[in-house]
Amino acid sequence: MRKTHHCNQLGAEDAGSEVVLMGWVQRRRDHGGVIFVDLRDREGLTQVVFNPDNDAQVHAKAHALRSEYVIGVRGRVTPRPEGMVNPNLATGAIEVMVSDLRIFNPAETPPFMIEETVEVNESLRLKHRHLDLRRPRLQKNIILRHKAGAAVREYLNGNGFLDIETPFLTRSTPEGARDYLVPSRVNPGQFYALPQSPQLFKQLLMVSGFERYYQIVRCFRDEDLRADRQPEFTQIDMEMSFIGEEDIMSLSEGLIAYVFQEVLGQAIPLPLPRLTYTEAMDRYGLDKPDTRFGMELKEVSDIVKDSGFKVFADVVKKGGIVKALNAKGCIDFSRKEIDDLTQYVAVYKAKGLAWIKVREDGWQSPIAKFFTDDEKARLAERIDMAPGDLIFFMADQPKIANEALGQLRNHLGEKLKLIAPGTFSFTWVTHFPMFEWDDTEKRHEALHHPFTAPLEADYDLLETQPTAVRSRAYDLVLNGFEIGGGSIRIHDMALQSRVFKILGMNKETYEGKFGFLLDALQSGAPPHGGLAFGFDRLVMLMCGESSIRDVIAFPKTQKAACLLTGAPSEAATVQLDELSLRIKATAKV
RNA sequence: GGGGGUGUAGUUCAGUUCGGUUAGAACGCCGGCCUGUCACGCCGGAGGUCGCGAGUUCGAGUCUCGUCGCUCCCGCCA
């Protein structure tokens, strides 16, 4: 018996032919006489029929069938009787009259139904992931993921990129995320690190002259998990030589457009819109703006800086900003709803949330009395107030005010249903700052990574005013998610050394950690740059999912555990001995 | 490390407000009947460590404390 068709293939035109189908019993409907079985494989469902008049022996055998039994059937494709066609099924015009049945394997009753209709607790799904993966949603997601990966390879192969593998057992580097460490047996007391990304290797491949590299590659970061963050995740990693921002951005856009066209049949108009980091922060408060809806932020610091409202005036005097968000037509928000929103922004360290309800006959607001008529008029114009509007104000240091109001904007966009389902809204964000001052560590940190090139126009500011230096980094944002990011790299040893110094690394430190990179930069390094896409996030958005767990075949829980295999687990003493490791007594077992 | 949500039958949930008889429903499962169903139908049945552990109480699914899992978020994530 050999499978001749998938369960989505047969139609009226196949009537009369003898076929063999194999798959799982989705559902059985036993009428005492005739028995119907919906047979499922990865492609679809076909109704197969056991009729005692046709073959009493096979019919008797079919009584034993239960959900998820794995069977093979041989039979004749038959048009369904008049009025029995099922329009909801791709193969609904026909059925297969079974003449031979093989039960390859019976199955226990599954812990949850293998169908879409029930939402099942996620820990149960993860424990029985092999069963969860049988369900239509994950089947669809995993297949879409495959198609997206295939399209990526097609596009990059066709554009002169070489797929080159890089090591997983590599060296721990300072900065960035916490590394996953792997002890070395042959070098007691020493460790490899799993790569947070193949960053340095791909730069070295450019130095080696490969010109265009890509890899769909696993990366590892030992940080706390989120709906869009797993400890191991997949990047589409790319690097190119002899190029600038424009080259890599247009190539990346082309890749995205190709993938969306091939996988979803969706045309993405190019070029994609661009925002500078400054514009993004100004208009959306976030460096990964959700551009699927408007409701942009407006800064009003200049209007309120001398106002009688001390909270606003003082914030501006201390270098802070005051920004406003106009929730159009939301005047009917209750006191409780506004309180809830205040709670919402408090998560982002906002100290309060001032508001104004714009009525036909004037403002209703706890803060209205503090403003002069002139200030009111200017605010009304700046914020585009109209009767029925609800205005929110945030006054704080720029970082907090932007973050809190930007998150509030996203929250309201969802709450007010301003986002049309199925929308894909891309934007580039460019000209990120090079450095950020870390107040805890009392030093500058690279916003992107230490190998990102500064904008040439800002070289002079490197030592004098590091936080004003803009970088040649760019992120690609889709629906408020950072789905990709990259930069033009430093290909000059002297410049790289200056950047390391600003990051607070002395010569010994960076030569010890990155000596191999500095050597490479002096060995004839071409100008180069690249970009990496978060493949899981991209696929998640393409699938319309809200967690990357739903596009990863075997994901981990928030505690970084695999409920299917039971990883992580304790190691045997013999193994630890071989690795010269001992577990601290204080470690929780 | 912190904050929120959640855990009751195989599954999804109700019951918890205000402690009180034998913890319910739907789906699934098992058995019987049924020859045109496709979420088949009808009849019958089984199935519970109320996450776990303490405590309060005459009595705890319900109250208190602790603990564990899952989840969302903050911190963290070059």
Side-chain angles (χ1 to χ4, degrees), chain A residues 26-39 45-54 59 63 66-68 78 80-89 91-92 95 97 108-128 131 173-179 195-197 199-200 219-231 233 340 343-350 403-404 407 411 432 434-436 438 440 444-452 471 473 482 485-487 499 503 532 534 546-547 549 556-559 561 563 588:
Chain A
Q26 177 67 36
R27 199 168 234 118
R28 117 199 112 95
R29 291 176 293 278
D30 185 341
H31 287 241
V34 67
I35 298 172
F36 300 99
V37 166
D38 293 334
L39 188 63
L45 291 177
T46 299
Q47 173 165 285
V48 301
V49 185
F50 300 88
N51 193 317
D53 302 338
N54 202 19
H59 175 262
H63 272 296
R66 293 294 182 273
S67 290
E68 299 307 309
T78 315
R80 295 211 186 171
E82 192 69 24
M84 300 298 165
V85 167
N86 185 348
N88 301 318
L89 205 59
T91 56
E95 57 199 7
M97 303 299 286
E108 300 282 329
T109 303
F112 49 82
M113 280 183 276
I114 310 300
E115 58 183 36
E116 207 77 329
T117 49
V118 240
E119 276 297 316
V120 180
N121 182 295
E122 192 158 6
S123 55
L124 196 74
R125 290 175 52 200
L126 291 173
K127 184 171 176 192
H128 305 280
L131 298 179
T173 52
E175 307 242 343
R178 196 175 291 115
D179 286 319
Q196 297 176 26
S197 85
Q199 181 61 36
L200 290 169
C219 304
F220 306 86
R221 294 179 190 176
D222 186 6
E223 297 293 348
D224 285 349
L225 288 78
R226 287 283 191 286
D228 62 350
R229 274 165 35 190
Q230 285 270 305
F233 61 100
D340 286 348
Q343 284 294 308
Y344 181 82
V345 295
V347 168
Y348 303 98
K349 305 214 168 55
E403 166 89 2
Q407 295 287 356
H411 184 69
F432 279 79
M434 270 292 280
F435 306 104
E436 210 176 22
D438 184 329
T440 336
H444 289 101
E445 293 213 312
L447 204 75
H448 191 60
H449 59 56
F451 320 111
T452 298
S471 73
E482 182 202 324
S487 62
V499 168
L503 294 174
S546 51
S547 164
R549 291 190 300 277
K556 295 192 170 44
T557 69
Q558 198 158 39
K559 287 203 72 189
L563 297 183
K588 263 193 281 183

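Note on naming: letters A, B, ... go to the chains in the order of the sequence lines (proteins, then strands), and numbering restarts at 1 for each one. Side-chain atoms are counted along with the backbone in the values below, which use heavy atoms only and exclude waters and symmetry mates.
- We find that CD of A:E108 is positioned 14 Å from C1' of B:rC30, with the value rounded to whole Å.
- For B:rG7, the paired base is B:rC68 (Watson-Crick or G-U wobble, both distances below 3.5 Å).
- Within the 4.0 angstrom heavy-atom criterion, only backbone atoms of the sugar-phosphate kind lie near A:R66; the bases stay farther away.
- Checking B:rC74, B:rU35, B:rG36 against the side-chain heavy atoms of A:K349 singles out B:rC74 as nearest.
- B:rU67 atom C1' lies 12 Å from atom NZ of A:K559, rounded to whole Å.
- Spacing between atom CG of A:L225 and atom P of B:rC72 amounts to 9 Å, rounded to whole angstrom units.
- Of the candidates B:rC73, B:rC72, B:rC70, the closest approach to any side-chain atom of A:R549 belongs to B:rC72.
- Stacking between A:H31 and B:rC40 is present: the aromatic ring centre lies within less than 5.5 angstrom of the base six-membered ring centre, and the two planes differ by under 30 degrees.
- Nearest nucleotide to the A:A177 side chain, out of B:rG1, B:rC77, B:rG36: B:rC77.
- Here A:I35 lies out of heavy-atom contact (under 4.0 Å) with every strand.
- In this structure, of B:rG75, B:rU37, B:rC73, it is B:rG75 that holds the atom nearest to the side chain of A:D224.
- Dashed line: the shortest gap from a side-chain N or O of A:R29 to OP1 or OP2 of B:rC40 is under 4.0 Å.
- Summarising the geometry, the separation between CG on A:L89 and P on B:rU37 is reported as 15 Å, rounded to the nearest angstrom.
- Here B:rC70 is the nucleotide among B:rC70, B:rC77, B:rU37 with the atom lying nearest to any side-chain atom of A:S123.
- If you check B:rG36, B:rC70, B:rG75 against the side chain of A:T557, the one that comes closest is B:rC70.
- Here A:F451 lies out of heavy-atom contact (under 4.0 Å) with every strand.
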What are the atom names and distances for every N/O pair under 3.5 Å that joins the protein to nucleotides 8-12 of chain B?
{"unit_1": "B:rG10", "atom_1": "O2'", "unit_2": "A:P111", "atom_2": "O", "d": "2.7"}
{"unit_1": "B:rU11", "atom_1": "O4'", "unit_2": "A:P111", "atom_2": "O", "d": "3.4"}
{"unit_1": "B:rU12", "atom_1": "OP1", "unit_2": "A:N121", "atom_2": "N", "d": "2.6"}

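- Residue contacts for A:Q26: at a heavy-atom cut-off of 4.0 Å it reaches no nucleic acid atom on any strand shown.
- For A:L126 and A:H449, each mapped to the nucleotide of RNA chain B holding its nearest heavy atom, the one lying further toward the 5' end belongs to A:L126.
- Closest approach to the A:V347 side chain among B:rU35, B:rC34, B:rC74 is made by B:rC74 (side chain taken as heavy atoms from C-beta onward).
- Taking only distance into account, the side chain of A:R27 never meets the base of B:rC40 through a donor-acceptor pair shorter than 3.5 Å.
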